[in-house]
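Residues: numbered from 1 along the sequence shown.
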Amino acid sequence: MQEYIQQMPDGRTRVEREVEGGFVTIYFSEKDDGDTLEKVKSMIMDAYAERKHREGKLSNCDQQ
């Protein structure tokens with residue numbers, strides 16, 4: 001899993017992570033604290049991975 005965190009010139013934080021073979025990018029406002037950033041990032045990435053996994057299973061079933 002690859003993850004990139006970048007502080008943007010306008011103060012926002014950009015997080016990009018590879019999830020299930022695709023990249024997801026999230027922008028956080030400059031006022032977010034680190035704890036909130038980690039919790040939200042984890043929730044979003046987990047939900048995306050679950051959706052991609054579910055869609056992949058549906059695609060495999062449809063092909064049979």
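- The line from CD of Glu3 to CZ of Arg17 is 4.0 Å long, rounded to the nearest 0.5 Å.
- The pair Glu50-Lys52 does not meet the salt-bridge criterion, since no charged nitrogen lies less than 4.0 angstrom from a carboxylate oxygen.
- Between Met45 and Val24, the closest side-chain pair of non-hydrogen atoms falls below 4.5 Å.
- Atom-to-atom distance recorded for Arg12:CZ and Tyr27:OH is 6.0 Å, nearest 0.5 angstrom.
- Contact of the Thr25 side chain with the Val15 side chain is not registered, since no non-hydrogen atoms from C-beta on lie closer than 4.5 Å.
- Each of Ile44 and Phe23 belongs to its own hydrophobic cluster when Ile, Leu, Val, Met, Phe, Trp and Tyr are linked at side-chain heavy-atom distances under 4.5 angstrom.
- Grouping the Ile, Leu, Val, Met, Phe, Trp and Tyr side chains by contacts below 4.5 angstrom, directly or via other members, places Met8 apart from Tyr4.
- Annotation: the span from Met43 atom CE to Ile26 atom CD1 amounts to 10.5 Å, rounded to 0.5 Å.
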